[in-house]
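So the structure is just underneath, and the comments pick up after that.
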Amino acid sequence: MTTDFTFKINKKLGDETLARTGTIVTPHGKVQTPAFIVVGTQATVKAMTPEMVKAAHGQAVLANAYHLYLRPGHKLVEKAGGLGKFMHWDGPTFTDSGGFQVLSLGSGYKKVLPMQSGEVAPGETAAKPNERHAFVDDDGVTFKSHLDGSEHRFTPEHSMQVQHALGADIIFAFDELTSLMDSYEYQVESLERTHAWARRCLHEIEKLRKKDHARPYQALFGVIQGAQYEDLRRQAGQFMGALPFDGYGIGGAIEKDKLGEIVRWVNEELPQDKPKHLLGISEPDDIFAAIENGADTFDCVSPTRVARNGAFYTYEGRRNISTAAYREDFGPLLEGCECYACQNYTRAYIQHLYKAKELLSATLMSIHNEHFIIKLVDDIRASIEAGNFFELKETWLDRYYGSPKAPRSKKT
RNA sequence: GCAGGGUUACUCAAGCGGUCAACGAGGUCAGACUGUAAAUCUGAUGGCUUAGCCUUCGAAGGUUCGAAUCCUUCACCCUGCA
């Protein structure tokens, strides 16, 4: 079995930061980092074809093991020739482990993913047992399917088997994602569990790699948890850093104000020569903060979700297309933008599509938003190469968050 | 001409003596969305000097402590019978 997965650092910004550029090589192609990885949970980037994703300069796509296990089934995807072949995406692919659903269907059920600390009694979790769809124990997680209520069990071994069948180039260890609403005591307990699971994932993937040695190598990324606590994050970085993962995910409950710090804590403990993926983040200020502190890749549902719900990115902040001001605006979503939507359609037309609930508005807005965030990360990569990262950061963020009417991202 | 039914806010539509500035839906306006239970959710939607006040339920008059709700007349619409 050959390890056709490598990561090479191309350029470090300097000694004062952890920012760097690099190249991840996978069996399905390269990813130039920093890179924004487009999310396609159910083996589709919602409202977009893979060709559109490519045209928006998407380098890789991330799908979800939990969703594909439930439907259409990981075995079916395997029969189809794997995730990429199944969805007609020939570039690099990632899969998430189902760990996020431990939170979204469990502790954080109906609470989304709060980016601020809450107050919960010691030992408590955010959601009460009777209001959740996922139940964690030391061995794994029992889910009630959001599709039909049927019961399913995910263990670290099972997540590896599912992700192995899906066949993505980069897969994630099964972790427990906690909420900032959970108590410190619970975070400690959960972290121990995630670490025990990490070892089991490594063990299982080794078995699977040996069994199917002819298959392309799947890189396994361990996930760093520890919520908003420096001691836990550093401890997690040390523990996971000592294990033979191909890269690392930085996940879980991240307090927005501390995002840069948290990424730094973790990256100061982890081996420098491994790629770091920050899970589920794409707000511009967060991206700058994360890259400055050593994150190499990101993924996030936000660009497409927000697009479907009528918001689009501009250099002056995020705007809602439905607003009356755009009714007779015959300019593009963003002046000068090179995406397909901006090259061919007007705000007035897209507003009409959105208000008429026409599917095409989701497509056009998604194309624009993905293009915008991908380009932001691409521009940041170029600025690191050129040595003007901090100039870009200052002017870009000032314009985005400082412009009138721009909705400032929540600071609480 | 006779008999019956109807007219409520931008639209549709509840209400049938006080708890009604008036349910609900749509529309409109604004906002949120960070490893997707999300093409979803939240708020506002008569006016104002907004913990209160003022003006509204086809029009005018009346009954009543009190009327969108009851009575009278008028206007317009619908359905039968002539």
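Values reported hereafter were calculated over all heavy atoms of this structure, with side chains retained and with hydrogens, waters and symmetry mates removed.
Here Glu230(A) pairs with Arg234(A) under the salt bridge (Lys or Arg N to Asp or Glu O under 4.0 Å) rule; sequence neighbours left out. Scored by the side chain to side chain contact (heavy atoms under 4.5 Å, CB included) test, Val306(A) finds Ser302(A), Ala311(A), Arg318(A), Asn369(A) as partners (sequence neighbours excluded). Residues meeting the salt bridge (Lys or Arg N to Asp or Glu O under 4.0 Å) test with Lys274(A), sequence neighbours left out: none. Listed by chain and residue number, Arg20(A) satisfy the salt bridge (Lys or Arg N to Asp or Glu O under 4.0 Å) test with Asp296(A) (two or more places apart in sequence, or in another chain). Residues that satisfy the salt bridge (Lys or Arg N to Asp or Glu O under 4.0 Å) test with Lys207(A), not counting sequence neighbours, are Glu204(A). With sequence neighbours excluded, no residue forms a side-chain hydrogen bond (donor to acceptor under 3.5 Å, both in side chains) with Lys46(A).
With distances taken from any side-chain atom of Tyr354(A) to the nucleotides rG35(B), rU40(B), rA30(B), the minimum falls on rU40(B). Nearest nucleotide to the Leu359(A) side chain, out of rU34(B), rU36(B), rA39(B): rA39(B). Here the side chain of Leu177(A) is nearest to one of rG35(B), rC33(B), rU36(B), namely rG35(B). Comparing atom distances between the Lys256(A) side chain and each of rU40(B), rA39(B), rU34(B) picks out rU34(B) as nearest.
With a 3.5 Å ceiling on both atom-pair distances, rU63(B) lacks any Watson-Crick or G-U wobble partner. With both pairing distances under 3.5 Å, rA75(B) is matched to rU7(B) as a Watson-Crick or G-U wobble pair. Figure legend. rU28(B) is base-paired to rA44(B); pairs are counted as Watson-Crick or G-U wobble with both atom distances under 3.5 Å. Across all strands shown, rC33(B) forms no Watson-Crick or G-U wobble pair with both key distances under 3.5 Å. Pairing for rU50(B) is absent, judged as Watson-Crick or G-U wobble with the two contacts each under 3.5 Å. A 3.5 Å limit on both hydrogen-bonding distances identifies rC2(B) as the Watson-Crick or G-U partner of rG80(B).
Residue contacts for His277(A): at a heavy-atom cut-off of 4.0 Å it reaches no nucleic acid atom on any strand shown. Within 4.0 Å of Thr304(A), counting heavy atoms only, lies at least one base atom of the nucleic acid. Looking at heavy-atom distances under 4.0 Å, Asp175(A) makes contact with a base. Among the heavy atoms of the strands lying under 4.0 Å from Gln225(A) is at least one base atom, whether or not backbone atoms are also near.
What separates CD of Glu176(A) from P of rG35(B) is a distance of 18 Å, to the nearest Å. Nucleotide rA38(B) holds its P atom 9 Å from the CG atom of Leu105(A), rounded to whole Å. Regarding His146(A), its NE2 atom lies at a distance of 14 Å from the C1' atom of rU40(B), rounded to whole Å. If you take CZ of Phe154(A) and P of rG35(B), they are 18 Å apart, rounded to a whole angstrom. Distance CZ (Phe100(A)) to P (rU34(B)): 8 Å, rounded to an integer number of Å. At whole-Å resolution of the value, CD1 in Ile321(A) and P in rC29(B) are 12 Å apart. Rounded to whole angstrom, the span from the CG atom of Leu68(A) across to the P atom of rG35(B) amounts to 16 Å. The separation between Trp197(A) atom CH2 and rG35(B) atom C1' is 15 Å, rounded to whole Å.
Under the side-chain hydrogen bond (donor to acceptor under 3.5 Å, both in side chains) criterion, the residue pairs touching residues 77-86 of chain A are Glu78(A)-Arg215(A), with sequence neighbours excluded. Pairs of residues two or more places apart, or lying in two chains, that qualify as side-chain hydrogen bond (donor to acceptor under 3.5 Å, both in side chains) and include a residue from residues 347-362 of chain A are Asp329(A)-Arg347(A). Listed by first and then second residue, the ring pair (Phe, Tyr, Trp, His ring centres under 6.0 Å) pairs involving residues 41-66 of chain A are His57(A)-His371(A), Tyr66(A)-Phe143(A), Tyr66(A)-His146(A) (not counting sequence neighbours).
Contacts between residues 41-60 of chain A and RNA chain B, defined by a heavy-atom separation below 4.0 Å, involve Thr41(A), Lys46(A), listed by number. Residues from residues 81-92 of chain A with heavy atoms under 4.0 angstrom of RNA chain B: there are none.
Salt-bridge annotation for Arg193(A) and Glu189(A): present, with a side-chain N of the basic residue lying under 4.0 Å from a carboxylate O of the acidic one.
Screening Phe94(A), Tyr248(A), Phe221(A) for a ring pair (Phe, Tyr, Trp, His ring centres under 6.0 Å) with His277(A), the sole residue that qualifies is Phe94(A). A side chain to side chain donor-acceptor pair (under 3.5 Å) with Tyr69(A) is found for one member of His152(A), His74(A), Gln161(A), Gln163(A) and no other, namely His152(A).
Distances shorter than 4.0 Å separate none of the side-chain N or O atoms of Ser97(A) from OP1 or OP2 on rG35(B). Residue Asn309(A) places none of its side-chain N or O atoms closer than 4.0 Å to OP1 or OP2 of rU40(B). Distances shorter than 4.0 Å separate some side-chain N or O of Arg318(A) from OP1 or OP2 on rC33(B). Listed pair Arg305(A) / rU34(B) meets the phosphate criterion, a side-chain N or O lying under 4.0 Å from OP1 or OP2.
You'll find the ring centres of Phe36(A) and Phe298(A) outside the 6.0 Å limit.
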Give me, pair by pair, the N or O atoms of the protein and of nucleotides 25-28 of chain B that are less than 3.5 Å apart, along with how far apart they are.
unit_1: rG27(B); atom_1: OP1; unit_2: Lys357(A); atom_2: NZ; d: 3.4

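Inspection of the Asp148(A) and Ser145(A) side chains reveals an N or O donor paired with an N or O acceptor under 3.5 Å.
Here, rC10(B) and rA22(B) have their P atoms 16 Å apart, quoted to the whole Å. rG15(B) and rC23(B) have their C1' atoms separated by 8 Å, with the value rounded to a whole Å. A distance of about 15 Å separates the C1' atoms of rA67(B) and rU72(B), rounded to the whole Å.
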